[in-house]
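These values consider heavy atoms only, across backbone and side chains, with no hydrogens, waters or symmetry-generated copies. Here the structure is a predicted model, which is why all the values come from computation and not from measurement.
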Amino acid sequence: QVQLVESGGGLVQAGGSLTLSCAASGRTFSSYAMGWFRQAPGKEREFVATISWSGANTYYADSVKGRFTISRDNAKSTTYLQMNRLKPEDTAVYYCAGAGVSIATVRSQNYNYWGQGTQVTVSS
């Protein structure tokens, strides 16, 4: 059984930083792409960032490009999302997701496994 467990969320002031972690278990982590999505209150879930199986390819939503960095450590079966220069509009529940493909993908339909989510709140 595949499990994804996020950690690292919390309350931060605008302009601050947070790093989210996602620990995976239950399958060969290094074979698959990983992604981060988020959902703000009253809004649909949206794509944030994705990384290919090797870490060589990454893609970001325009809203976070230049501020967020996705990375992975295959030896630790862990994916990270470094978030800098946070804004109040980044407030959301952040979800880690495991794709069924090895290439980086922005489509939520390509993700088979989801974590329980971690709350990120950015105060103004």
Side-chain angles (χ1 to χ4, degrees):
Q1 183 177 356
V2 177
Q3 281 194 317
L4 301 176
V5 180
E6 302 102 332
S7 61
L11 173 64
V12 64
Q13 287 189 331
S17 299
L18 280 176
T19 299
L20 305 183
S21 299
C22 172
S25 63
R27 69 171 185 173
T28 306
F29 176 80
S30 59
S31 297
Y32 300 96
M34 297 294 294
W36 288 94
F37 291 75
R38 67 186 181 186
Q39 187 168 20
K43 295 187 177 181
E44 292 188 354
R45 184 176 59 193
E46 64 175 359
F47 164 77
V48 175
T50 180
I51 187 167
S52 62
W53 68 276
S54 66
N57 299 105
T58 59
Y59 298 100
Y60 298 90
D62 287 343
S63 58
V64 307
K65 202 172 295 183
R67 299 188 298 123
F68 290 12
T69 303
I70 188 171
S71 61
R72 64 190 296 161
D73 184 337
N74 286 344
K76 296 182 178 180
S77 297
T78 301
T79 305
Y80 304 96
L81 185 68
Q82 172 69 43
M83 305 184 294
N84 298 325
R85 303 198 307 276
L86 282 160
K87 304 175 181 180
E89 51 263 44
D90 293 319
T91 295
V93 177
Y94 283 71
Y95 296 93
C96 172
V101 297
S102 61
I103 59 173
T105 175
V106 306
R107 300 182 65 198
S108 61
Q109 299 93 315
N110 288 337
Y111 290 86
N112 300 328
Y113 305 103
W114 296 84
Q116 81 287 353
T118 186
Q119 177 71 46
V120 172
T121 303
V122 184
S123 63
S124 58

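- Aromatic ring centroids of Phe37 and Tyr111 lie under 6.0 Å apart.
- The shortest distance between side-chain heavy atoms of Met83 and Trp36 does not fall below 4.5 Å.
- At a threshold of 4.5 Å between non-hydrogen side-chain atoms, the residues Tyr32 and Asn112 do not count as touching.
- With values rounded to the nearest 0.5 angstrom, Ile70 atom CD1 is found 12.5 Å from Gln82 atom CD.
- In this structure, Thr91 contributes its side chain and Val122 its backbone to a donor-acceptor pair below 3.5 Å.
- For Glu6 (side chain) and Gly117 (main-chain N/O), a donor-acceptor pair under 3.5 Å exists by modelled atom type.
- Of the inter-residue distances, the one linking Asp73 atom CG with Tyr80 atom OH reads 5.0 Å to the nearest 0.5 angstrom.
- Here the side chains of Ser17 and Asn84 are in contact, with some heavy-atom distance below 4.5 Å.
- Grouping the Ile, Leu, Val, Met, Phe, Trp and Tyr side chains by contacts below 4.5 angstrom, directly or via other members, places Leu20 with Ile51.
- A salt bridge is defined here as a Lys NZ or Arg NE, NH1 or NH2 lying under 4.0 Å from an Asp or Glu carboxylate O, and Lys65 with Asp62 meets this definition.
- Thr50 contributes a side-chain N or O that, together with a main-chain N or O of Thr105, makes up a donor-acceptor pair within less than 3.5 Å.
- Rounding to the nearest 0.5 Å places OG of Ser71 at 11.5 Å from CE of Met34.
- To the nearest 0.5 angstrom, Phe68 atom CZ is 9.0 Å from Leu18 atom CG.
- When atom types are taken as modelled, the side chain of Arg27 and the backbone of Val2 share no donor-acceptor pair closer than 3.5 angstrom.
- Rounded to the nearest 0.5 angstrom, Cys22 SG and Tyr113 OH are separated by 13.5 Å.
- Under a 3.5 Å cut-off, the side chain of Arg72 and the backbone N or O of Phe29 do form a donor-acceptor pair.
- Remark: Gln109 CD is packed, more than 12 non-hydrogen atoms of other residues, nucleotides or ligands lying under 6.0 Å away.
- Summarising the geometry of Ala40 relative to Ala92, their closest heavy-atom pair is N-CB, 3.8 Å, with the distance given to 0.1 Å.
- Taking the side chain as every heavy atom from C-beta outward, Arg38 and Val64 approach each other to under 4.5 Å.
- Considering all non-hydrogen atoms of both residues, Ala24 and Leu4 come closest at CB-CD2, 3.5 Å.
- For the atom pair CD of Gln1 and OG of Ser25, the computed distance is 8.5 Å after rounding to the nearest 0.5 Å.
- Contact between Ala14 and Pro88 at its shortest, heavy atoms only, is CB-CD, 4.1 Å.
- Proximity of Val101 to Trp53: side-chain heavy atoms (C-beta onward) are nowhere separated by under 4.5 Å.
- A single hydrophobic cluster is seen to contain both Tyr60 and Leu86, as judged by linkage of ILVMFWY side chains at heavy-atom distances under 4.5 Å, directly or through other members.
- Closest non-hydrogen pair, Asp90 versus Arg85, comes out as OD2-O, 4.5 Å.
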